[in-house]
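For reference, the structure is listed below as structure tokens.
Since we're looking at a predicted model, the values are computed, not measured. In this chain, residues are counted from 1 in sequence order. Keep in mind that the numbers below use all heavy atoms, side chains included, and drop hydrogens, waters and symmetry copies.
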Amino acid sequence: MSSSTPSFPDRIELTGEGLVLRDWTEADLTAMPELFDHPDIAYWTPIVSPFDDEAARTRLDRARQLRADGTALLLAITVDGGAALGEVMLKRAPEGTELGYAVGPAHRGQGLAARAVRVMAAYAFEQLDVARVILELESENNSSVGVATRAGFRLLDVPLIKGEEKGRPYVLQTWGLDRP
């Protein structure tokens, strides 16, 4: 992180769109496997699978380290600051400020991901002075394409990102949302 890049606060809570995005805590460790140990999350995201209690501890520790490094911000998606329903991420990378999300299977269909992405994008624009946030997703991931569209993102005319993760090749499109 360069000295001109604003650091992340030690504690954060973002509100808007009927959501409270808050820090992950020790109390969330038991709920994390229920949210993240699912075939859809294993397939479409880099989150480890199977996702068990040990993976939850590792993820919480990693989230804290990434924040301390100024690299990424991982927040629990809640409606009231209580039970975590999923996660939204902001990651600083050379290609731009990337957002990501995962919503637990029991909590899908409520617009949580799109709302959380809009709240996190507003934070990036207003507090971090970012001009554009991006989502990188596979075109075949219809749920994520829907989230991008509902959150106001547009498909950018940039090269596709090709790679392999968990033994599976992928091709990512880049979607962007510019500061209003």
Side-chain angles (χ1 to χ4, degrees), residues 1-28 31-32 35-36 41 44-47 56 59-104 107-108 110-137 141 143-156 158 161 172-180:
M1 183 174 79
S2 75
S3 59
S4 64
T5 304
S7 61
F8 295 126
D10 290 336
R11 303 210 32 83
I12 190 166
E13 183 175 283
L14 305 177
T15 59
E17 303 249 355
L19 298 177
V20 177
L21 308 181
R22 62 160 176 80
D23 294 316
W24 286 107
T25 68
E26 304 288 326
D28 295 313
M32 290 172 89
L35 296 174
F36 299 133
I41 291 175
W44 296 115
T45 77
I47 294 174
R59 188 154 186 88
L60 178 62
D61 293 346
R62 181 83 174 126
R64 290 174 173 167
Q65 186 60 54
L66 290 169
R67 179 183 302 193
D69 294 345
T71 305
L73 188 60
L74 285 72
L75 300 177
I77 301 170
T78 77
V79 293
D80 58 4
L85 310 175
E87 175 177 88
V88 63
M89 172 206 71
L90 179 148
K91 180 174 76 175
R92 292 176 167 142
E95 59 274 10
T97 300
E98 180 185 352
L99 303 183
Y101 47 85
V103 173
H107 310 292
R108 295 181 183 161
Q110 303 172 47
L112 295 171
R115 291 187 285 152
V117 164
R118 285 192 298 262
V119 171
M120 190 67 99
Y123 172 78
F125 297 144
E126 296 162 13
Q127 300 300 315
L128 304 178
D129 198 31
V130 170
R132 171 183 282 167
V133 292
I134 60 172
L135 296 171
E136 295 176 343
L137 50 97
N141 186 341
S143 295
S144 280
V145 170
V147 167
T149 304
R150 286 189 299 280
F153 285 68
R154 62 183 172 77
L155 184 59
L156 301 178
V158 298
I161 302 162
L172 301 176
Q173 299 175 323
T174 303
W175 292 70
L177 179 67
D178 295 328
R179 180 172 46 213

Who are the side-chain contact (heavy atoms from CB on, under 4.5 Å) partners of [X], not counting sequence neighbours?
X	result
Arg132	Ile134, Arg154, Leu156, Asp178
Thr15	Glu13, Val20
Arg108	His38, Asp40, Ile41, Val103, Pro105

Look up atom [atom1] in [X] and atom [atom2] in [Y], then write down how far apart they are to the nearest 0.5 Å.
X	Y	atom1	atom2	answer
His107	Leu112	NE2	CG	8.5 Å
Ile12	Leu90	CD1	CG	9.0 Å
Lys91	Leu73	NZ	CG	13.5 Å

For the residue pair [X] and [Y], what are the closest heavy atoms and their distance?
X	Y	value
Trp24	Ala84	CZ3-CB, 3.5 Å
Ile47	Phe36	CD1-CD2, 4.0 Å
Leu74	Ala72	CD1-CB, 3.9 Å

Test log, rule side-chain hydrogen bond (donor to acceptor under 3.5 Å, both in side chains), inputs Tyr101 and Thr45: CA-CA 9 Å; Tyr101 47 85; Thr45 77; over 6 Å; no

Would you call [X] and [Y] a side-chain contact if the rule is heavy atoms closer than 4.5 Å?
X	Y	result
Leu19	Ile77	yes
Thr97	Leu128	no
Ile161	Glu136	yes
Trp44	Leu137	no
Thr78	Leu21	no

Give the C-alpha distance, both sets of side-chain angles, the deciding distance and a yes or no for side-chain hydrogen bond (donor to acceptor under 3.5 Å, both in side chains) between Gln65 and Asp69. CA-CA 6 Å; Gln65 186 60 54; Asp69 294 345; 2.7 Å; yes

For Gln173, which residues count as a side chain to side chain donor-acceptor pair (under 3.5 Å) partner, sequence neighbours excluded?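 Here the qualifying residues are Trp175.
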
Set of side chain to side chain donor-acceptor pair (under 3.5 Å) partners for Asp28, sequence neighbours left out: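 Per chain and number, Asp28 pairs via side chain to side chain donor-acceptor pair (under 3.5 Å) with Arg22, Thr25.
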
Surrounding CG of Asp61 (heavy atoms of other residues, nucleotides or ligands, distance under 6.0 Å), is the total greater than 12?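 Check passes, neighbour count above 12.
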
For Phe8 and Arg92: C-alpha separation, side-chain torsions, deciding distance, then whether side chain to side chain contact (heavy atoms under 4.5 Å, CB included) applies. CA-CA 11 Å; Phe8 295 126; Arg92 292 176 167 142; 3.7 Å; yes

Run the side chain to side chain contact (heavy atoms under 4.5 Å, CB included) check on Leu75 and Arg67 step by step: do they pass? CA-CA 10 Å; Leu75 300 177; Arg67 179 183 302 193; 3.5 Å; yes

So, Arg179 and Glu126, do they make that salt bridge, N to O below 4.0 Å?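 The answer is no: the pair does not qualify as a salt bridge.
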
Less than 4.0 Å between a side-chain N and a carboxylate O, is that true for Arg64 and Asp23?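 Salt bridge: no.
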
Would you list the atom pairs, donor with acceptor, under 3.5 Å between side chains in residues 115-125 and any protein atom, with sequence neighbours excluded?
| residue | atom | partner | partner atom | Å |
| --- | --- | --- | --- | --- |
| Arg115 | NE | Gly111 | O | 3.3 |
| Arg115 | NH1 | Glu17 | O | 2.8 |
| Arg115 | NH2 | Gln110 | O | 3.1 |
| Arg118 | NE | Glu17 | OE1 | 3.2 |
| Arg118 | NE | Glu17 | OE2 | 2.9 |
| Arg118 | NH1 | Arg150 | O | 2.7 |
| Arg118 | NH2 | Glu17 | OE1 | 2.7 |

I'd like to know whether Glu98 forms a side chain to side chain contact (heavy atoms under 4.5 Å, CB included) with Leu135, so could you lay out the CA-CA distance, the side-chain angles of the two residues, the decisive distance to 0.1 Å, and finally the verdict. CA-CA 6 Å; Glu98 180 185 352; Leu135 296 171; over 6 Å; no

Any chance you could lay out the side chain to side chain contact (heavy atoms under 4.5 Å, CB included) test for Glu87 and Arg59, step after step, and finish with the verdict? CA-CA 11 Å; Glu87 175 177 88; Arg59 188 154 186 88; 2.4 Å; yes

